[in-house]
Engineer: 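Would you mind keeping the following structure in view while I ask a few things?
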Amino acid sequence: MEKNKINNSLDHKKGIDKQDFPGMSIWNKLHFIAWLSIIPIFLIASFWQRTGSDIYRRFSGDLYSYEVEEINDPKKLARLLITSTEPESRKIVIEKISDQVILAKAASEDESPMVREAAVKKLLNENTLIKIAFNDEGREVRKACVEKILDQSVLAKIAVKDVDADVRSIAVKKLVDKKLLAKIALDDPNKQVREFALVLSGYDFVRGPFYEYLKVYPDLEAKLQLWEEQSDIELKVLIKDLRISSDPVNKYYILEKISAFKESGKGALLALFNALYDNRSLRIIEYYGSRPSQAELDMEFSPYGRGGTSPSSQAEKAIVGIGKSAVESLIVILKDENQGIRGSAVAAIGKIGDSRAIGALVCLKDKGVCSYPEETLNKIDPNWYELDSAKKVVPYYVEQLLEEKDLDRVRRAVYYLGLVKDKRATKPLLQAFYGASERVRVAIVNALSRIGDKSAIEPLWDMCNDSHRIYLCDDAVRVLGKIGDKSLIKPLRKKYQEYHGWVDVRFAISEAIYNLDKEQGFDLLIDFLNSSEKDFSENTAKIFGTNKDLRAVDPLIHLLSDGNAHVVEAAAVALGNIGDDKAVNSLLEIIPKALENENMYEYYTYSLVKTVLKVLGQLKDSRAIGPLEKLQLDKDNYHHNKIKEQIDHTIYHIKNKSI
């Protein structure tokens, strides 16, 4: 019964679904009509999206740039300048009109810097240009104004007061007032502006801040000008030709002629210093051996790049020929901002040789010059660091030691303080010791050892007793070994026992005791010679070799059988310094073993063989000649051929009993 009710209910629902409600067909028709009305709306919207903006642009007078280019009617162009919202279109309008009133209005009021700049370039009224130059915020707009302004008083104000360096540079280039240019060269914060002003003011022989140097050398500029005025006619003509020439080949030959004047050519220094900046390569001259023809130059000459012959190299040669008269001016150039010029000055001073330059060379802060200051100083005087001119710069290096953050410069300051051996440096060096890095501490150890100031002993000993800074003890002990006396041996031995676990400190103490008393220190160092720590073995061998200690010969010969190439090389060098021929046979045994080594082409093994051969040459024992001549070498092996050259060199020295 219940089941029948359910089935009837389902049949009833199915019947209802199949029936049409009254009015259903009308609803479907209305639905269809609604869809038909929506489709045109979508089509219209799509059409407006594609064309509406163009219609609006046409209606408002705003056109694309390509459309503006087709318009030539002045009235339409003037209207577009007001109505167009596109800066590119307005710029094209500016380029097509010539009405100065409209241009002035656009140059002053247009919101786009690009449009204002285009208008400024077509303006003729200088008063309007001046007003814009002082008031416009756009850099390019002001630059365009300054390019057209002729009034020197206005240019002077812009050159001094404008906030932008590029704008000031343009104004400076148009100035004729030498005194004002000189002031700008000294005061302007921008290097490029200073350089422009410096050259235009007539002081064209250096590009750096020359006026700062004149405070130190106030008579230099006047002296150079006077020399030039007093030069003979031929030299004056060459100087003039050099200044106006832009052809590097022509400059080279002019400089070659000037260099023939030598000492009498000191009037050309202004022009010669300027020529130092011309590094354009003239390899073509070297190739042809003489002045090439124009056709050859056009075919092969490249005016750029360093190397080969250049006007600057010829200028340096001419300056060296002038000699000591050029040194005072070269000292000025050592302060130039250009690294290449500093290098040329250093090289020239080294070739001339004049002790007046020692102080300036010592103060030369950077190592990035083509000729290192140390090499030049040694050429001038091997004992330069003992001269008063070197000692005068000690306060400068003390300040650099304590305040400089660049570690390379700190180390260089320490190095020079050690060279000069001035006791004024002792206290600052000790002060810097505590906070220094390991590399700087090593430099300070060497410096304090060279200075040898006994007043450093007590502070150094305090460092050894500072339990919070045990890492300083080994460095402090090394200095004590160099500047102390035998009274320190007993406390040092006590320290040796205290620092049982600190091998570095124990080695430093052994070295210090050896330096104070070689008898007492020898046994301590011998223990380190055969240490499992190869660094200690190597350093001990170097100590024995430096001191030429004959007692170390047998232990060093034994060390030659060590498997570490660094240790063996150090032992060989030490034996060569000591000079005992007992080591010859052991040294000879090293070479064939190294040649059989599969790693022969590795740097350290190859270096070891060269070192051993050099030591044999030092010992000059004829017993080495036969075994060396019998060595089996592979002619097809590059390294073996190099070893053969070294063997021949060694045999030659043994036979001639000289090195």
Engineer: Under 3.5 Å, which donor-acceptor pairs do the side chains of residues 554-563 form with other protein atoms, sequence neighbours left out?
Structural biologist:
{"unit_1": "Asp554", "atom_1": "OD1", "unit_2": "Lys582", "atom_2": "NZ", "d": "3.4"}
{"unit_1": "Ser561", "atom_1": "OG", "unit_2": "His558", "atom_2": "O", "d": "2.7"}
{"unit_1": "Asp562", "atom_1": "OD1", "unit_2": "Asn564", "atom_2": "N", "d": "2.8"}
{"unit_1": "Asp562", "atom_1": "OD2", "unit_2": "Lys534", "atom_2": "NZ", "d": "2.8"}

Engineer: So do Leu587 and Leu613 actually touch side chain to side chain, heavy atoms under 4.5 Å?
Structural biologist: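 Heavy-atom side-chain distance check fails, nothing below 4.5 Å.
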
Engineer: Applying the side-chain hydrogen bond (donor to acceptor under 3.5 Å, both in side chains) criterion to Ser325, which one of Glu263, Lys223, Lys266 satisfies it?
Structural biologist: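 Passing option: Glu263.
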
Engineer: Are the charged groups of Asp475 and Arg441 less than 4.0 angstrom apart, N to O?
Structural biologist: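 Answer for the salt bridge query: yes.
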
Engineer: Please check: side-chain N/O of Arg411 versus main-chain N/O of Val440, any donor-acceptor pairing under 3.5 Å?
Structural biologist: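 Flag not set: sc Arg411 to bb Val440 has no pair under 3.5 Å.
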
Engineer: Just by distance, do the side chain of Asp354 and the backbone of Ala357 share a donor-acceptor pair under 3.5 Å?
Structural biologist: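 No.
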
Engineer: Give me the atom names and distance for the closest heavy-atom approach of Phe433 to Ala476.
Structural biologist: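 Taking every non-hydrogen atom into account, CZ-N, 4.2 Å.
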
Engineer: In terms of side-chain heavy atoms, does Asn446 have a donor or acceptor partner in Tyr415 at a distance below 3.5 Å?
Structural biologist: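 Note: Asn446 and Tyr415 side chains miss the donor-acceptor criterion.
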
Engineer: Can you measure from CD (Gln400) to CZ (Arg412) and round to the nearest 0.5 angstrom?
Structural biologist: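 It comes to 7.5 Å.
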
Engineer: Can you establish whether the number of heavy atoms outside Lys391 located under 6.0 Å from its atom NZ is more than 12?
Structural biologist: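 Count over threshold, so yes.
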
Engineer: Looking at Glu645 and Lys610, is any side-chain nitrogen of the basic one under 4.0 Å from a carboxylate oxygen of the acidic one?
Structural biologist: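 Not counted as a salt bridge, because no side-chain N and carboxylate O are separated by less than 4.0 Å.
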
Engineer: Quick check: does any side chain N or O of Asp188 sit under 3.5 Å from a backbone N or O of Asn190, one acting as donor and the other as acceptor?
Structural biologist: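 The answer is yes, because a donor-acceptor pair under 3.5 Å joins these two groups.
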
Engineer: I'd like to know whether the aromatic ring centres of Phe544 and Phe522 sit less than 6.0 Å apart in this structure.
Structural biologist: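 Aromatic pair counts; centres sit under 6.0 Å.
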
Engineer: Whether Lys351 and Glu316 form a salt bridge (side-chain N of Lys/Arg under 4.0 Å from carboxylate O of Asp/Glu) is what I want to check.
Structural biologist: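 So Glu316 pairs with Lys351 through a salt bridge.
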
Engineer: Using only atom types and a distance under 3.5 Å, with no angle test, would you say the side chain of Arg342 pairs donor to acceptor with the backbone of Leu334?
Structural biologist: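 It does not hold such a pair.
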
Engineer: Counting N and O atoms only, with roles assigned by atom type, does the side chain of Lys620 sit under 3.5 Å from a partner on the main chain of Gln618, one being a donor and the other an acceptor?
Structural biologist: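 Yes, the answer is positive, given that a donor and an acceptor are paired below the 3.5 Å cut-off.
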
Engineer: Only distances under 3.5 Å count here; give the side-chain donor-acceptor pairs of residues 453-463 to other protein atoms, sequence neighbours excluded, each with its distance to 0.1 Å.
Structural biologist:
{"unit_1": "Asp453", "atom_1": "OD1", "unit_2": "Ser455", "atom_2": "N", "d": "3.1"}
{"unit_1": "Asp453", "atom_1": "OD1", "unit_2": "Ser455", "atom_2": "OG", "d": "3.0"}
{"unit_1": "Asp453", "atom_1": "OD2", "unit_2": "Thr426", "atom_2": "OG1", "d": "2.9"}
{"unit_1": "Asp453", "atom_1": "OD2", "unit_2": "Ser455", "atom_2": "OG", "d": "2.9"}
{"unit_1": "Lys454", "atom_1": "NZ", "unit_2": "Ile483", "atom_2": "O", "d": "2.6"}

Engineer: Could you check if a side-chain atom of Glu511 sits within less than 4.5 angstrom of a side-chain atom of Asn539, using non-hydrogen atoms only?
Structural biologist: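 With C-beta onward as the side chain, the pair stays apart.
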
Engineer: Would you say Arg356 has more than 12 foreign heavy atoms packed within less than 6.0 Å of its CZ?
Structural biologist: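 Check passes, neighbour count above 12.
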
Engineer: Given side chains that start at C-beta, do those of Arg439 and Val442 come closer than 4.5 Å, heavy atoms only?
Structural biologist: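 Contact flag for Arg439/Val442 side chains = no.
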
